[in-house]
Asks: 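Attaching a single structure in structure tokens format; questions to follow.
A, B, ... follow the sequence lines: proteins, then strands. Residue 1 opens every chain. Nothing here was measured: the structure is a model prediction, and the numbers come from that model.
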Amino acid sequence: GAVVSQHPSWVICKSGTSVKIECRSLDFQATTMFWYRQFPKQSLMLMATSNEGSKATYEQGVEKDKFLINHASLTLSTLTVTSAHPEDSSFYICSAVRTRNWEQFFGPGTRLTVL
Amino acid sequence: AQRVTQPEKLLSVFKGAPVELKCNYSYSGSPELFWYVQYSRQRLQLLLRHISRESIKGFTADLNKGETSFHLKKPFAQEEDSAMYYCALSSGGSNYKLTFGKGTLLTVNP
């Protein structure tokens with residue numbers, strides 16, 4: 001099956017620091033990946049579309065300078081939360097699209113806590 | 001704008017009872033509809049999509065364009081069906097972006 005991993009699975013950082021989260025498709029290539037944010041007991045909110053070799057496309061209301069996305073290879077996309085603040089604390093989930101049948105496969109998520 | 005509505009936050013049934021999780025959508029074109037499931041402490045995974053017309057784990061869902069609905073049904077619920085269920089929509093084709101509903105937490109009691 002198609003597997004998507006995320007690293008780290010959880011991270012605690014101080015306010016003002018930057019945190020990088022990796023999303024990897026382990027056994028397939030993904031030209032398109034997505035980054036979502038999920039608040040406790042709420043649905044997934046799409047933050048941005050990550051396209052290999054080009055700039056990410058951000059959803060309305062998502063600060064591109066705060067949430068930097070880099071999709072440098074067909075199996076890796078990274079999300080960097082810059083100058084993190086407590087309100088950035090959340091569960092961040094990525095997904096990767098397998099073009100064979102256009103199905104999205106989700107990573108296990110990364111729990112970010114900003115102190 | 002596209003929107004997915006799941007009117008029930010919580011749904012509780014007894015084992016063996018039928019279950020229906022409601023999903024309504026608004027979209028001007030021809031959308032693709034999906035049901036995703038998230039079991040406790042596990043990642044989100046695809047349960048079924050309307051274009052495949054499959055039955056997965058006994059669940060079925062029919063796209064009703066007239067009522068703009070994509071309700072998920074199972075005739076006999078099992079305890080292992082307890083999970084969070086999300087209905088999602090994409091505009092189809094090469095646009096893979098998904099819009100999720102708020103989810104319904106299904107609890108199947110013994």
Asks: When you group the ILVMFWY residues by side-chain heavy-atom contacts below 4.5 Å and let the links chain together, are Leu33(B) and Tyr86(B) in the same group?
Replies: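 Different hydrophobic clusters.
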Asks: Do any of residues 99-110 of chain B come closer than 4.5 Å to chain A, heavy atom to heavy atom, and if so which ones, in number order?
Replies: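 Checking residues 99-110 of chain B against chain A gives Phe100(B), Gly101(B), Lys102(B).
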Asks: Linking I/L/V/M/F/W/Y whenever any side-chain heavy atoms sit under 4.5 Å apart, do Val62(A) and Val19(A) land together?
Replies: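 Yes.
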Asks: Atom CG of Leu98(B) and atom OH of Tyr36(A): how far apart are they, to the nearest 0.5 Å?
Replies: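 Spacing of CG (Leu98(B)) from OH (Tyr36(A)) equals 4.5 Å.
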Asks: Do Leu44(A) and Phe34(B) share a hydrophobic cluster, counting only Ile, Leu, Val, Met, Phe, Trp and Tyr and linking them when any side-chain heavy atoms are less than 4.5 Å apart?
Replies: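 The answer is yes; both residues are in one hydrophobic cluster.
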Asks: Which of residues 37-47 of chain B have a heavy atom under 4.5 Å from any heavy atom of chain A?
Replies: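 Residues Gln38(B), Arg43(B), Leu44(B), Leu46(B) are the ones that qualify, each having a heavy atom under 4.5 Å from chain A.
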Asks: Decide if atom CD of Glu80(B) counts as having more than 12 heavy atoms of other residues, nucleotides or ligands within a radius under 6.0 Å.
Replies: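 It does: Glu80(B) CD has more than 12 such atoms within range.
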Asks: Take a 6.0 Å sphere around NE2 of His85(A) and say whether it holds more than 12 heavy atoms from other residues, nucleotides or ligands.
Replies: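 It does: His85(A) NE2 has more than 12 such atoms within range.
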Asks: Could you tell me which of Thr49(A), Leu46(A), Val97(A) has the largest number of non-hydrogen atom pairs under 4.5 Å with chain B?
Replies: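 Among the listed options, the one with the most contacts to chain B is Val97(A).
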Asks: Would you say Met33(A) and Phe106(A) are hydrophobically clustered, going by side-chain heavy atoms of ILVMFWY under 4.5 Å?
Replies: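 Met33(A) and Phe106(A): separate clusters.
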Asks: Non-hydrogen atoms of chain B under 4.5 Å away: do they reach the side chain of Ser95(A), the backbone, both or neither?
Replies: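 It is neither, since no heavy atom gets under 4.5 Å.
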Asks: Kindly give the heavy-atom pair with the smallest separation between Tyr96(B) and Gln104(A), and that separation in Å.
Replies: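 Closest pair (atom of Tyr96(B), atom of Gln104(A), distance): O-NE2, 2.7 Å.
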Asks: Under 4.5 Å from any heavy atom of chain A, what part of Tyr36(B) do you find: side chain, backbone, both or neither?
Replies: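 Answer is side chain: those atoms of Tyr36(B) sit under 4.5 Å from chain A.
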Asks: I'd like to know if Ile21(A) and Phe34(A) are part of one continuous hydrophobic network [Ile/Leu/Val/Met/Phe/Trp/Tyr, side-chain heavy atoms within less than 4.5 Å].
Replies: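 Phe34(A) and Ile21(A): separate clusters.
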Asks: Report which part of Gln38(A) has an atom under 4.5 Å of a heavy atom belonging to chain B: side chain, backbone, both, or neither.
Replies: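 The side chain, not the backbone.
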Asks: At what distance, to the nearest 0.5 angstrom, does NZ of Lys97(B) lie from CD of Glu59(A)?
Replies: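 Reported to 0.5 Å precision, the distance equals 3.5 Å.
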